[in-house]
Number of protein chains: 2
Amino acid sequence: MTLSDAIETHLRDLLAYQGEVELKRSDLSDYFACAPSQINYVLTTRFSVERGYQVESRRGEGGYIRLRRLNCPDLPELLESLVRFEGQLGQAEAEALIGRLEEGGLLAGRVARMLRRAVDRRVLAVPLPERDLLRYRLLTEMLAAYLATVGGERR
Amino acid sequence: MTLSDAIETHLRDLLAYQGEVELKRSDLSDYFACAPSQINYVLTTRFSVERGYQVESRRGEGGYIRLRRLNCPDLPELLESLVRFEGQLGQAEAEALIGRLEEGGLLAGRVARMLRRAVDRRVLAVPLPERDLLRYRLLTEMLAAYLATVGGERR
DNA sequence: GCTTCGTTGACTAATCCTGATCTATTGTAT
DNA sequence: ATACAATAGATCAGGATTAGTCAACGAAGC
């Protein structure tokens with residue numbers, strides 16, 4: 001049981017009650033008597049979209065970290081299938097994925113159209129291999145945000 | 001809840017009653033027991049044009065600050081107004097725009113949430129200044145794709 | 001041993017808030 | 001009409017307060 005595991009467990013416990021939790025990074029690092037950056041490590045390794053979580057944050061006075069548990073029947077398989085892309089996604093693969101979701105009725109036509117624009121290499125316009133990494137992050141985060149529900153309620 | 005948030009809330013409440021509010025900066029800063037310049041900070045960060053507000057003011061004897069809500073832009077106006085960003089867009093500005101379009105009923109809640117993820121600096125995760133350029137391209141392209149009407153019909 | 005995972009600390013970045021100083025507008029005395 | 005004083009908002013640099021990034025090093029598991 002590492003420190004990271006302990007922090008993960010703690011956060012999961014909090015999330016079990018509410019689908020969303022807000023906290024201060026410094027409070028958490030004080031509580032676990034660790035470096036503040038340790039919190040970031042846990043967040044990126046254990047609370048990623050692939051695992052069904054989303055993280056928001058703000059710096060400065062009144063800063064916070066907000067954790068959300070994603071809730072969507074179709075999301076797990078979807079993200080599971082993304083894992084094999086290993087964090088990278090080519091344009092063709094992205095378009096194929098969007099097409100399948102649209103046919104499956106999970107994406108409205110306008111939304112699908114918008115997503116296709118977003119994964120276009122001319123719109124992203126950053127050199128490879130960063131482009132495929134960016135496309136992966138973008139699409140997974142956007143799909144999660146669009147498809148997920150929180151607390152069993154459609155947002 | 002920071003001081004800025006409190007001031008923002010207060011002003012929003014006032015605006016909810018009347019579409020236009022006139023007040024003295026010094027009164028407000030007295031009321032919140034803060035520096036007068038704090039009011040300016042709130043005005044520029046929370047009541048910007050991107051967020052759909054217009055601010056007028058006069059100095060000297062009889063000076064005042066007048067706050068007004070603007071109507072939600074349609075796609076042509078929107079694209080026109082984006083020009084002034086010169087191909088770059090910060091996260092705060094992007095979020096302001098998305099919020100305004102959402103309030104105006106042009107973006108559904110889920111779509112707005114999705115777009116907010118897309119403009120998040122942690123999702124884009126490319127170094128500045130490329131990040132602001134990328135954000136601009138992404139948002140304009142996606143909004144155009146989503147809001148566009150073809151043959152008078154929403155696609 | 002080598003590779004992966006966990007942990008830390010030094011540096012970076014965003015956000016809020018204030019105070020000193022500047023500018024615009026009006027009032028008043030000559 | 002002009003000059004000066006008084007009033008009130010604007011601007012800007014910088015300090016304070018958070019959170020993020022990254023490289024390095026150590027620990028744990030093959």
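In the text below, chain A, chain B and the rest are named by the order of the sequence lines, each starting its count at 1.
- Take the nearest nucleotide of DNA chain C for B:Arg46 and for A:Leu3: the residue whose nucleotide is more 5' is A:Leu3.
- With C:dC16, C:dT25, C:dT8 as the choices, the nucleotide that has an atom nearest any side-chain atom of B:Arg58 turns out to be C:dT25.
- Within the nucleic acid shown, A:Ser26 comes within 4.0 Å of sugar-phosphate atoms alone, with no base atom in reach, counting heavy atoms only.
- Regarding A:Ile7, its CD1 atom lies at a distance of 12 Å from the C1' atom of C:dT8, rounded to whole Å.
- Minimum atom distance to the side chain of B:Ser37 is reached by C:dT18, of the listed C:dC17, D:dG20, C:dT18.
- When the side-chain nitrogen and oxygen atoms of B:Arg25 are compared with OP1 and OP2 of D:dT11, none of them lie within a distance under 4.0 Å.
- Put simply, CG on B:Leu28 is 12 Å from P on D:dA10, counting in whole angstrom units.
- Atoms CG (B:Asp5) and C1' (D:dT18) sit 14 Å apart, rounded to a whole Å.
- Nucleic acid contact for A:Ile39: none, since no nucleic acid atom lies under 4.0 Å from a heavy atom of the residue.
- B:Arg131 has a side-chain polar atom (N or O) that falls below the 4.0 Å cut-off from OP1 or OP2 of C:dA14.
- Two residues, A:Glu56 and B:Gly60, neighbour DNA chain D, and the one matched to the more 5' nucleotide by heavy-atom proximity is B:Gly60.
- Ionic pairing of B:Glu95 and B:Arg116 is not present here: no N-O contact between side-chain nitrogen and carboxylate oxygen is shorter than 4.0 angstrom.
- Geometric assessment of A:Arg68 against the ring of A:Tyr53 yields a negative cation-pi assignment under the 6.0 Å and 45° thresholds.
- Within the nucleic acid shown, B:Gly63 comes within 4.0 Å of sugar-phosphate atoms alone, with no base atom in reach, counting heavy atoms only.
- Ranking D:dA10, C:dT18, C:dT7 by closeness to the B:Gln38 side chain, first place goes to C:dT18.
- The listed nucleotides are D:dT7, C:dA24, C:dT7; the one nearest the side chain of A:Ser4 is C:dT7.
- One interatomic measurement links the two molecules: CD of B:Glu8 to P of C:dT15, which rounds to 14 Å at whole-angstrom precision.
- Considering all non-hydrogen atoms of both residues, B:Ala118 and B:Met142 come closest at CB-CE, 3.7 Å.
- Atom CG in B:Asp30 sits roughly 14 Å away from atom C1' in D:dG9 (whole-Å rounding).
- Judged purely by atom type and a 3.5 angstrom limit, A:Gln91 uses its side chain to pair as donor or acceptor with the backbone of A:Arg121.
- Atom CG of B:Asp120 is separated from atom P of C:dA14 by 12 Å (rounded to the nearest Å).
- Remark on DNA chain D: of its neighbouring residues B:Asp27 and B:Ala125, the 5'-side contact belongs to B:Asp27, judged by nearest-heavy-atom nucleotide.
- Side-chain proximity of B:Cys34 to C:dA14, C:dT18, C:dC16: nearest is C:dT18.
- In this structure, B:Arg66 reaches neither bases nor backbone, as no heavy-atom distance under 4.0 Å exists between it and the strands shown.
- Atom CG of B:Asp13 sits in a crowded spot, with more than 12 heavy atoms from other residues, nucleotides or ligands closer than 6.0 Å.
- If you check every strand for non-hydrogen atoms under 4.0 Å, B:Ser57 touches sugar and phosphate atoms only.
- When the nucleotides C:dC17, D:dG20, C:dT26 are ranked by their closest atom to the side chain of B:Tyr41, C:dC17 comes out on top.
- If you measure from atom CZ of B:Arg121 to atom P of C:dA13, you get 11 Å, rounded to the nearest angstrom.
- Checked against C:dT8, C:dG6, D:dG9, the side chain of A:Ala35 finds its nearest nucleotide in C:dT8.
- Within the 3.5 Å criterion, the main-chain N or O of B:Tyr146 finds a donor-acceptor partner in the side chain of A:Arg110.
- Rounding to whole angstrom units, CZ of residue B:Arg59 and C1' of C:dA24 are separated by 5 Å.
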